[in-house]
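Step one of this worksheet: look at the structure below.
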Number of protein chains: 2
Amino acid sequence: MLLSDNGIPQHRQLYEILKDHIGQGLYKPGDLLPSENALCATYSVTRPTVRQALNSLLAEGFIKKQQGKGSIVQPKRIGIGILSILGTTDSMPPGTLKTRVVDKPKVMPWIFDFDFEITKEEEQSGCIRMSRQRLVNGNPLLFEVTNLPNINLPRFCNRSFENRSLFGILSKYYDIKVTGGEQKIWSLPATKEINKYIGAKPGEPVLHLQKKYETSRPFYHFYTSIWCNTENYYLMGTF
Amino acid sequence: MLLSDNGIPQHRQLYEILKDHIGQGLYKPGDLLPSENALCATYSVTRPTVRQALNSLLAEGFIKKQQGKGSIVQPKRIGIGILSILGTTDSMPPGTLKTRVVDKPKVMPWIFDFDFEITKEEEQSGCIRMSRQRLVNGNPLLFEVTNLPNINLPRFCNRSFENRSLFGILSKYYDIKVTGGEQKIWSLPATKEINKYIGAKPGEPVLHLQKKYETSRPFYHFYTSIWCNTENYYLMGTF
DNA sequence: CACACTAACTTGTCATAACAAGTTGCGAAT
DNA sequence: ATTCGCAACTTGTTATGACAAGTTAGTGTG
């Protein structure tokens with residue numbers, strides 16, 4: 001079991017493999033991952049590579065590390081990683097999240113209902129805007145509006161996003177990977193509009209996130225606004 | 001300028017130095033830090049050490065890195081890091097945050113108004129509880145209740161926390177450093193009690209965080225609840 | 001003058017090596 | 001049977017070296 005020489009760094013490949021294994025239950029919460037040296041042997045890489053992969057898993061809360069003991073798999077939690085670099089889909093245990101497209105992606109002028117500066121080039125290119133509703137265990141919990149600059153994304157508006165990950169589509173078809181970003185968080189009363197999608201009665205407190213994502217394509221950013229009904233669920237993160 | 005051989009790892013020392021330099025304005029937003037090789041030479045360490053320090057600064061949003069260019073100092077933002085591993089005090093630009101102690105630290109039985117499990121040992125030891133109000137530019141914005149297990153913290157209740165950092169006191173006097181943690185975030189209506197401290201009228205949406213901190217002392221955790229008035233400010237983070 | 005190329009930077013990735021520090025289990029001594 | 005201590009693990013830290021990949025500024029050509 002070794003890693004080929006495509007363009008993807010080895011530590012990234014190993015990260016994906018281990019994340020999948022944890023997601024599939026091959027390692028259960030409380031279990032130890034194979035030791036760093038064991039992973040080195042299994043995948044024919046060296047410790048710096050393995051440690052980079054493990055540090056990514058650590059940063060996103062999938063494992064904890066304890067010196068002298070090992071890498072301990074953490075229990076899956078609703079919303080883990082939604083505050084970190086993961087997309088909404090990747091931050092939920094597989095199967096718990098359903099996505100319903102409310103407004104299909106459509107090219108339009110920018111609507112500045114989010115609070116980040118965009119560049120002139122982004123503004124002139126126009127905006128691809130879509131909105132999606134997210135259901136956790138059948139309950140509508142999140143409403144998400146995504147704005148992407150309309151730069152070199154052929155056929156984007158024709159793709160299906162029903163129950164599929166935006167991050168996955170950007171990565172697979174356009175080789176755009178999310179490298180980081182920033183977010184703003186606050187609390188506000190639900191509006192009638194929001195009520196329709198996440199079932200929070202108008203006036204009830206709702207969690208609001210605005211995110212700016214940076215990507216592997218230079219100067220290409222995109223922006224999402226998320227409204228979250230936190231009456232019965234909360235967002236969770238590790239640090 | 002070299003780093004001595006005390007117990008603190010070199011990458012940690014370099015991290016602190018660079019964080020201070022950025023905080024003091026020696027490097028301004030948009031500036032490049034010295035290159036990795038230059039830092040190696042200046043502090044007589046090697047690249048893995050420098051890169052570990054820079055990665056910590058990156059994770060907490062103080063810098064961004066760009067391949068081929070360098071490490072770019074980021075603008076200071078209100079609340080940066082409050083969602084990450086930094087304490088409230090360390091996550092604000094120096095001078096903007098004032099702390100007022102509402103209830104001095106006091107030993108008492110645990111009050112489970114927070115939503116984390118604690119161990120039997122923690123429960124039996126009792127709890128040191130304190131509450132503080134945080135003012136940003138003179139405006140009361142945050143109300144913070146801290147619960148620590150009463151285990152081997154001599155003279156803790158006699159110390160002054162007025163305008164001082166809990167993280168700093170734990171580190172300086174008890175050699176307890178925060179190594180990580182988890183948090184839950186949701187939105188709820190302000191109560192009369194909360195209204196007194198952060199000026200949000202009862203019923204208005206308020207941001208609520210509950211944090212569990214893990215420390216360098218094995219099995220020692222502490223817990224904070226934070227209420228935040230987000231009418232005019234928001235919390236911000238990077239990822 | 002405008003453009004293309006190159007050299008000299010930067011960070012990113014990865015291999016190899018050694019020792020420190022924390023954890024665990026086993027075997028010997030009590 | 002219990003305890004102690006050591007050996008064999010684990011991750012943490014740090015050094016050295018090499019090459020890949022992205023940026024920038026200057027150089028030379030058209």
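Here is the naming used below: chain letters follow the sequence lines, and residue numbers restart at 1 for every chain. Computed over heavy atoms, backbone and side chain alike; hydrogens, waters and symmetry mates excluded.
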Value in whole Å for how far the P atom of C:dC14 lies from CD1 of A:I8 | 11 Å
Round to a whole Å and report the spacing from CG of A:N37 to C1' of C:dA17.
-> 12 Å
Taken in chain and number order and not counting sequence neighbours, the residues that satisfy side chain to side chain contact (heavy atoms under 4.5 Å, CB included) with A:Q67 are none
Whole-Å distance separating the CD atom of B:E36 from the C1' atom of C:dC9 | 13 Å
Distance-only criterion, 3.5 Å: show the donor-acceptor pairs between side-chain atoms of residues 28-41 of chain A and protein atoms not counting sequence neighbours.
| residue | atom | partner | partner atom | Å |
| --- | --- | --- | --- | --- |
| A:K28 | NZ | A:G25 | O | 3.4 |
| A:D31 | OD2 | A:K28 | N | 2.9 |
| A:S35 | OG | A:A38 | N | 3.2 |
| A:E36 | OE1 | A:R47 | NE | 2.9 |
| A:E36 | OE1 | A:R47 | NH2 | 2.9 |
| A:E36 | OE1 | A:R51 | NH1 | 3.4 |
| A:E36 | OE2 | A:R51 | NH1 | 2.9 |

Where do N or O atoms of nucleotides 23-25 of chain C meet protein N or O atoms at under 3.5 Å, pair by pair?
| residue | atom | partner | partner atom | Å |
| --- | --- | --- | --- | --- |
| C:dT23 | O4' | A:G68 | O | 3.3 |

Among all residues two or more places apart in sequence or in another chain, which pass the side chain to side chain contact (heavy atoms under 4.5 Å, CB included) test with A:N152?
-> A:P154, A:R217
Could you pull out all residues at least two apart from B:F239 that satisfy ring-ring contact (aromatic ring centres under 6.0 Å, His included)?
-> A:Y213
Can you name the side chain to side chain contact (heavy atoms under 4.5 Å, CB included) partners of B:S56, sequence neighbours left out?
-> B:R12, B:Y15
Describe the nucleic acid contact of B:P48 in one word from base, sugar-phosphate, nothing, applying a heavy-atom distance below 4.0 Å.
-> base
Nt span of DNA chain D in reach of chain A heavy atoms at under 4.0 Å, 5' end first, is D:dT10 to D:dT13
Side chain to side chain donor-acceptor pair (under 3.5 Å) with A:T99: which of A:E162, A:R132, A:R164, A:R134?
-> A:R134
Looking at residues at least two apart in the chain, or sitting in another chain, which of them share a ring-ring contact (aromatic ring centres under 6.0 Å, His included) with A:Y220?
-> none
Base, sugar-phosphate alone, or nothing: which one does B:T46 contact when heavy atoms must sit under 4.0 Å apart?
-> base
List in chain and number order the residues that pass ring-ring contact (aromatic ring centres under 6.0 Å, His included) with B:H221, two or more places apart in sequence or in another chain; answer none if no residue qualifies.
-> none
State whether A:Y233 and B:K184 meet the cation-pi test: NZ (Lys) or CZ (Arg) under 6.0 Å from the six-membered ring centroid, and within 45° of the perpendicular axis.
-> no
Would you mind reading off the distance between B:R51 atom CZ and C:dC14 atom P, rounded to a whole angstrom?
-> 11 Å
Partners of A:K212 by side chain to side chain donor-acceptor pair (under 3.5 Å), sequence neighbours excluded?
-> none
Quick one: stems for DNA chain C, with Watson-Crick or G-U pairs under 3.5 Å, at least three in a row?
-> C:1-30 with D:1-30
With sequence neighbours left out, write down each residue that passes side chain to side chain contact (heavy atoms under 4.5 Å, CB included) with A:T119, or none if nothing qualifies.
-> A:E121, A:E122
Pair of N/O donor and acceptor under 3.5 Å linking C:dG12 base with B:R47 side chain = yes
